[in-house]
2 protein chains.
Amino acid sequence: MNITEKKRILIADDHQIFRQGLRTLIEQSENFEVISDVADGEAAWSAIKKNTPDIAVLDITMPILSGFDVVTRIQKYKLSTKVIFLSMHNDIKIIDRGLSLGAFAYLRKDEAFDSLIKAMEMVLRGKSYLSAELETQLSEYQLSRVNFNLTKREQETLSFIAKGLTNKEIAEVMCLSVKTIDNHRTNLMGKLDVRNTAGLVRYALLETMDV
Amino acid sequence: MNITEKKRILIADDHQIFRQGLRTLIEQSENFEVISDVADGEAAWSAIKKNTPDIAVLDITMPILSGFDVVTRIQKYKLSTKVIFLSMHNDIKIIDRGLSLGAFAYLRKDEAFDSLIKAMEMVLRGKSYLSAELETQLSEYQLSRVNFNLTKREQETLSFIAKGLTNKEIAEVMCLSVKTIDNHRTNLMGKLDVRNTAGLVRYALLETMDV
DNA sequence: CAAAACATAGGGGATTTCCCCTAATTTGCA
DNA sequence: TGCAAATTAGGGGAAATCCCCTATGTTTTG
């Protein structure tokens, strides 16, 4: 770590008290200075464009632009600012999305402040950071996702199920036997690890966006 | 209509050809001039903030910011620019959402250009515009929505159904007879005008956000 | 080319949903 | 206070689902 020059941090979070507290904490550290703290994603993006901080610590849920929107813009304009998400979200899907958009670290707000310092130091060295717990969850999630390889016919069947058609109706529109649709249905439930129509519809509506 | 001064129009749509065509059409009219045409919602918002056109003709599906996002900002900053949505979407829920966010008119892209002129003239007079067909659909939709008065127990039952529980399992967690859950289910399907589990889950996931 | 995966279709049966109906209590509101 | 709505529960039966299984032809892939 360069002693003569503090690393420049931007904070974006729509909760003012949290923001002030975080700023104070970070500024106690010798290696970091907070150059700006803002309350929404648009302000964050403006500040990042203008000042290119070393690290942007972003909330996900923010007014106007979300943290996802901001990191997307950073990637688009190839800015050197590295993003750390600091969010209350515990949903592994959200976390996966954030990291795949190009963030270097993801911390939950309930983690210790030391974790943030650690994350910032690692991120500056070009490494990503994730708590051990989240890392486990994430790899399980990504592993489970790749097994969701639905075949073309299974996808078609699923989309009809999600639209509310019965097996008989699906068989008619796809010009197939009801038994074939029943098979697709069984295979879908096996692959997606659900037990009934409700689970299939849930998957179709929540995990994919094209229904 | 003021003859000496043309009304200033902004167009936002991510399809360039459509945009150019629309600009040409509008500029043939004597009463309107296109001050800007842009390809995404962020550019639209910037231009609206800067120039406050009389009317913004917006697509809904656009990069960076959606048309919904733009109209939300216009409302938030109380700008005088009036929004007309011009979209391919035919889904009455989308249309309802757009109008309830504060748009003055909604036109489908497949409607005649004259409709747009008519809509623009009405919008300038502070009136909203909707094709007769869409107006009928919309009032039916809004009427049907208010009848979706689900009782407390029906709502509970629905949320369990949407989570994938069977009637038997729901009966257990709610300490009721399976037959009671079956009744709730039947009543739900009647009220929501769907025919099966898939329809119930769809409603729970798409019409409410707390699942 | 051979193996694996996919798509098709059927048997058969347990379980669940779907959809009528009746009916007793309880709750809420005018 | 009284009536309407809500909640509970059940009978009964048709339909659909869920979940095993086998089997044959096609397509994809190493």
Side-chain angles (χ1 to χ4, degrees), chain A residues 140-208 210-211, chain B residues 142-208 210-211:
Chain A
E140 273 172 17
Y141 171 72
Q142 290 173 340
L143 217 59
S144 71
R145 277 194 72 80
V146 301
N147 291 332
F148 287 178
N149 273 321
L150 305 187
T151 69
K152 196 166 294 184
R153 296 303 253 178
E154 284 167 354
Q155 286 175 35
E156 288 179 57
T157 304
L158 178 58
S159 89
F160 284 124
I161 291 171
K163 283 183 181 119
L165 303 213
T166 66
N167 285 356
K168 195 197 278 187
E169 291 165 341
I170 298 170
E172 270 164 31
V173 301
M174 286 176 73
C175 295
L176 291 175
S177 155
V178 176
K179 265 299 179 180
T180 302
I181 308 300
D182 192 16
N183 285 337
H184 287 323
R185 198 181 198 115
T186 302
N187 295 334
L188 280 165
M189 288 193 290
K191 285 187 181 181
L192 303 177
D193 193 29
V194 298
R195 294 147 37 238
N196 48 35
T197 303
L200 292 177
V201 178
R202 264 188 91 84
Y203 176 85
L205 264 46
L206 298 181
E207 313 298 313
T208 74
D210 53 290
V211 179
Chain B
Q142 289 173 341
L143 216 60
S144 70
R145 279 192 71 81
V146 301
N147 290 331
F148 287 180
N149 274 321
L150 305 187
T151 69
K152 197 166 295 186
R153 297 302 252 178
E154 284 167 354
Q155 286 174 35
E156 287 179 58
T157 305
L158 178 57
S159 89
F160 284 124
I161 291 171
K163 284 182 180 119
L165 304 214
T166 66
N167 286 355
K168 196 197 278 186
E169 291 165 341
I170 298 170
E172 270 165 31
V173 301
M174 286 176 72
C175 295
L176 292 175
S177 155
V178 176
K179 265 298 179 182
T180 302
I181 308 300
D182 191 15
N183 285 337
H184 288 325
R185 199 181 197 115
T186 302
N187 295 334
L188 280 164
M189 289 193 290
K191 286 187 180 180
L192 303 177
D193 193 28
V194 298
R195 291 144 43 235
N196 49 36
T197 302
L200 292 177
V201 178
R202 266 187 89 84
Y203 177 85
L205 263 46
L206 298 181
E207 312 299 312
T208 73
D210 51 290
V211 180

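Just so it is clear: chains get the letters A, B, ... in the order the sequence lines come, proteins before strands, and each one is counted from 1.
OP1 or OP2 of C:dA7 has at least one side-chain nitrogen or oxygen of A:T151 nearer than 4.0 Å. Phosphate contact (OP1/OP2 of C:dT8, side-chain N/O of A:H184, threshold under 4.0 Å): present. The side chain of B:N167 contributes an N or O atom lying less than 4.0 Å from OP1 or OP2 of C:dT17. Listed pair B:R153 / D:dT8 meets the phosphate criterion, a side-chain N or O lying under 4.0 Å from OP1 or OP2.
Between A:L188 atom CG and D:dC18 atom P the separation is 11 Å, expressed in whole Å. Across the protein-nucleic acid pair, A:M174 atom CE and C:dC6 atom P stand 15 Å apart, rounded to whole Å. Computed from coordinates, the A:I170 CD1 to C:dA9 P distance equals 14 Å when rounded to whole Å. What separates NZ of B:K179 from P of D:dG11 is a distance of 8 Å, to the nearest Å. Here the P atom of nucleotide D:dA6 and the CG atom of B:N187 are 9 Å apart, to the nearest Å. If you take CZ of B:R195 and P of D:dA16, they are 10 Å apart, rounded to a whole angstrom. Protein atom NZ of A:K168 is 17 Å distant from nucleotide atom C1' of D:dC18, rounded to whole Å. A:M189 places its CE atom 16 Å from the P atom of D:dA16, with the value rounded to the nearest Å.
Minimum heavy-atom separation, B:L205 to B:A162: CD1-CB, 4.1 Å.
The nucleotide whose nearest atom lies closest to any side-chain atom of B:S177 is, among C:dT16, C:dG11, D:dG10, D:dG10. For B:L176, counting side-chain heavy atoms from C-beta on, the closest listed nucleotide (C:dT16, D:dA9, C:dT8) is D:dA9. Picking from D:dA9, C:dC19, C:dC6 the nucleotide with the shortest atom distance to the side chain of B:T180 gives D:dA9. Comparing atom distances between the B:R185 side chain and each of D:dA9, C:dA7, C:dT17 picks out C:dT17 as nearest.
The residue among A:V178 and B:K152 whose nearest nucleotide of DNA chain D lies closer to the 5′ end is B:K152.
Between the side chain of B:Q155 and the backbone N or O of B:L150, at least one donor-acceptor pair lies under 3.5 Å. Listed for the B:E154 side chain is a donor-acceptor partner under 3.5 Å among the backbone atoms of B:T151. Here the side chain of A:N196 pairs no donor or acceptor atom with the backbone of B:L165 at under 3.5 angstrom. Under the 3.5 Å distance criterion, the side-chain polar atoms of B:T186 are matched with a main-chain donor or acceptor of B:D182.
The residue B:T166 sits close only to the backbone: its heavy atoms come under 4.0 Å of sugar-phosphate atoms, none of a base.
In terms of polar N and O atoms assigned as donor or acceptor, the side chain of A:D182 comes within less than 3.5 Å of the base of D:dC19 in a complementary pairing. Judged by distance alone, with hydrogens and angles left aside, B:N183 brings a side-chain donor or acceptor within reach of the base of D:dA9, the pair sitting under 3.5 Å.
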